Asker: 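Below you'll find the structure I mean.
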Protein chains: 2
Amino acid sequence: MDREAKQRYAEEFGLLYSTLGMPPAYGKLLGWLMICDPPDQTSTELARALQLSKGSVSTGMRMLEGAKLARRVTRPGQRGHAYEVLPDALITGTMNGKAIWGALSVLMAKGVELIGDEDAPEARRVRIARDFFAFIAERVPDLIEEFKRDNGL
Amino acid sequence: MDREAKQRYAEEFGLLYSTLGMPPAYGKLLGWLMICDPPDQTSTELARALQLSKGSVSTGMRMLEGAKLARRVTRPGQRGHAYEVLPDALITGTMNGKAIWGALSVLMAKGVELIGDEDAPEARRVRIARDFFAFIAERVPDLIEEFKRDNGL
DNA sequence: TCGAACGTTCAGAATCTACTGAACATTCAA
DNA sequence: TTGAATGTTCAGTAGATTCTGAACGTTCGA
């Protein structure tokens with residue numbers, strides 16, 4: 001019910017995620033899967049709901065699977081498969097994003113090396129960045145653990 | 001010294017930041033400002049070092065200023081102004097990124113509303129996402145505080 | 001074995017974005 | 001006041017990205 005409102009929601013979802021670097025079509029798929037009824041949807045259903053080509057759905061869902069954001073499920077007595085979001089999809093997505101903090105820290109460490117003397121005043125700007133990203137990279141897993149514990153996951 | 005290595009570093013920096021949604025040229029500017037000597041650079045110097053047009057430098061630096069990543073400085077007895085990265089630039093950048101967590105949480109809350117019954121099993125997927133992003137949005141400032149305290153900032 | 005439904009891949013079209021460079025504005029030394 | 005140096009804006013373009021759709025598997029019921 002109120003299919004149109006849900007379609008609009010998927011569009012909005014795709015828009016926000018596109019600002020985070022995800023292709024709009026894939027964001028729409030994810031958004032739809034967060035609120036659709038039933039929660040598992042076939043490629044054909046997804047293509048119809050979001051007005052996307054079969055190709056986009058196929059490629060998009062492959063990508064969401066790869067990012068551990070969605071998974072295939074099979075319904076008994078039915079051809080092919082359907083997709084659903086993983087229950088803790090967005091958490092997982094954020095954990096993968098954790099790799100970013102490490103990469104940033106490594107990049108900043110390289111910058112410190114380029115300047116040469118770690119203790120030089122002109123190394124300060126990039127040294128602080130290096131330490132900060134390393135700190136964040138280290139703490140993110142703890143945060144996620146804490147959330148999971150407090151929410152019984 | 002080793003100007004070329006620093007130029008390559010700026011390129012690499014821009015490349016990584018472009019995966020985070022920043023235009024490559026602006027990432028290059030930021031990367032160069034993290035390691036350049038002297039640490040403050042005029043538009044002309046930036047354009048020369050990074051082979052960018054005056055227009056790109058102007059627009060890019062305006063954007064970095066807006067994001068509180070860089071600021072203008074004036075050298076006595078010199079035309080115009082130069083730019084430098086703020087000492088805690090990347091930390092600030094991350095704090096601004098905090099707004100994202102809030103936006104995501106709001107988006108998920110909208111999804112819960114669309115489903116209607118917050119306690120329904122099919123609302124679980126988006127309810128968890130809502131709570132998770134709210135949790136992260138709330139904790140990020142504390143993390144930053146802790147880092148600053150431990151590093152005398 | 002056949003055909004219908006479903007899924008995948010990828011070349012090319014459609015679309016969007018970043019960047020340049022030219023026109024214009026501003027600043028300041030002489 | 002003049003003009004050289006510098007800074008800004010923005011229309012247009014070059015280039016990259018996303019999306020489609022057609023060609024080609026694959027699966028499975030009959």
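Numbers restart at 1 for each chain; the letters A, B, ... are given by sequence-line order, proteins then strands. Computed from a prediction, not measured in an experiment: that's the story for all the values here.
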Asker: May I have the distance from B/E45 (atom CD) to D/dA5 (atom C1'), rounded to whole angstrom?
Answerer: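 To the nearest whole Å, that distance equals 14 Å.
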Asker: Would you mind reading off the distance between B/Y83 atom OH and D/dG7 atom P, rounded to a whole angstrom?
Answerer: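 About 7 Å, once rounded to whole Å.
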Asker: Please list, pair by pair, any protein nitrogen or oxygen found under 3.5 Å from a nitrogen or oxygen in nucleotides 11-13 of chain C.
Answerer:
none

Asker: Within this structure, what is the CZ-to-C1' distance between A/R48 and C/dC6, rounded to whole angstrom?
Answerer: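 For the pair A/R48 CZ and C/dC6 C1', the rounded distance is 15 Å.
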Asker: Return the angle between end axes of the helix from C/dT1-D/dA30 to C/dA30-D/dT1, with five pairs used per end and rounding to 10°.
Answerer: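 The helix from C/dT1-D/dA30 to C/dA30-D/dT1 shows an end-to-end axis angle of 10°.
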Asker: Is any side-chain heavy atom of A/D88 closer than 4.5 Å to one of B/F132?
Answerer: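 Side chain of B/F132 against side chain of A/D88, heavy atoms only: no contact under 4.5 Å found.
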Asker: Heavy atoms under 4.0 Å is the rule here; annotate nucleotides 18-29 of chain C 5' to 3' with B where the base is hit, S where only the sugar-phosphate is, and - elsewhere.
Answerer: SSBB------BS
Asker: B/R72: what forms a side chain to side chain donor-acceptor pair (under 3.5 Å) with it, not counting sequence neighbours?
Answerer: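 For B/R72 the side chain to side chain donor-acceptor pair (under 3.5 Å) partners, ignoring immediate neighbours, are B/E65, B/H81.
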Asker: Return all side-chain donor-acceptor pairs below 3.5 angstrom for residues 14-27 of chain B, not counting sequence neighbours, or 'none' if the list is empty.
Answerer:
residue, atom, partner, partner atom, Å
B/S18, OG, B/L15, O, 2.6
B/T19, OG1, B/L16, O, 2.6

Asker: Any side-chain heavy atom of B/L46 sitting closer than 4.5 Å to one from B/L33?
Answerer: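 The answer is yes; the side chains approach within 4.5 Å.
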Asker: Taking only residues two or more places apart in sequence or in another chain, which ones pass salt bridge (charged side-chain N to carboxylate O under 4.0 Å, His left out) with B/R124?
Answerer: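 With neighbours one apart ignored, the set is empty.
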Asker: In whole Å, what is the span from the CG atom of A/L29 to the C1' atom of D/dT18?
Answerer: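 Interatomic distance, CG of A/L29 to C1' of D/dT18: 13 Å.
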Asker: Check B/I144 against B/I91 and note the closest heavy-atom contact, atom names and distance.
Answerer: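 Shortest heavy-atom contact: CG2-CG2, 3.7 Å.
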Asker: With a 4.5 Å limit on heavy-atom distance, are the side chains of A/L52 and A/L29 in contact?
Answerer: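 Heavy-atom side-chain distance check passes, below 4.5 Å.
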Asker: Measuring only between side-chain heavy atoms, which start at C-beta, is B/F133 closer than 4.5 Å to B/V106?
Answerer: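 A side-chain contact under 4.5 Å is absent here.
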Asker: Just wondering, do B/I136 and B/L104 contact through their side chains at under 4.5 Å, heavy atoms?
Answerer: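 In short, these two side chains do not touch, never coming nearer than 4.5 Å.
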Asker: Nearest-Å distance, CG (A/L50) to C1' (D/dT20)?
Answerer: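 So the two atoms are 15 Å apart, to the nearest Å.
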Asker: Between B/L46 (CG) and D/dT6 (C1'), how many Å, whole number?
Answerer: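 Rounding to the nearest Å, CG of B/L46 and C1' of D/dT6 are 13 Å apart.
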Asker: Under 4.0 Å between any heavy atoms, over every strand shown, what does B/S43 touch: base, sugar-phosphate, or nothing? Just pick one.
Answerer: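 Here B/S43 touches the backbone only, sparing every base.
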Asker: Tell me, do B/R125 and B/I115 make a side-chain contact under 4.5 Å, heavy atoms counted?
Answerer: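 Touching, per the 4.5 Å side-chain cut-off.
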Asker: Look at the side-chain N and O atoms of A/R62 and state whether any lies under 4.0 Å from the OP1 or OP2 oxygen of C/dT9.
Answerer: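 For C/dT9, OP1/OP2 do have a side-chain N/O of A/R62 under 4.0 Å.
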Asker: Do you know the tightest heavy-atom contact between A/M108 and B/Y9?
Answerer: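 Result for this residue pair: CA-OH, 3.8 Å.
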Asker: A/H81 has an atom NE2; how far is it from atom C1' of C/dC6, in whole Å?
Answerer: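 Taking atom C1' of C/dC6 as the reference, NE2 of A/H81 is at 9 Å.
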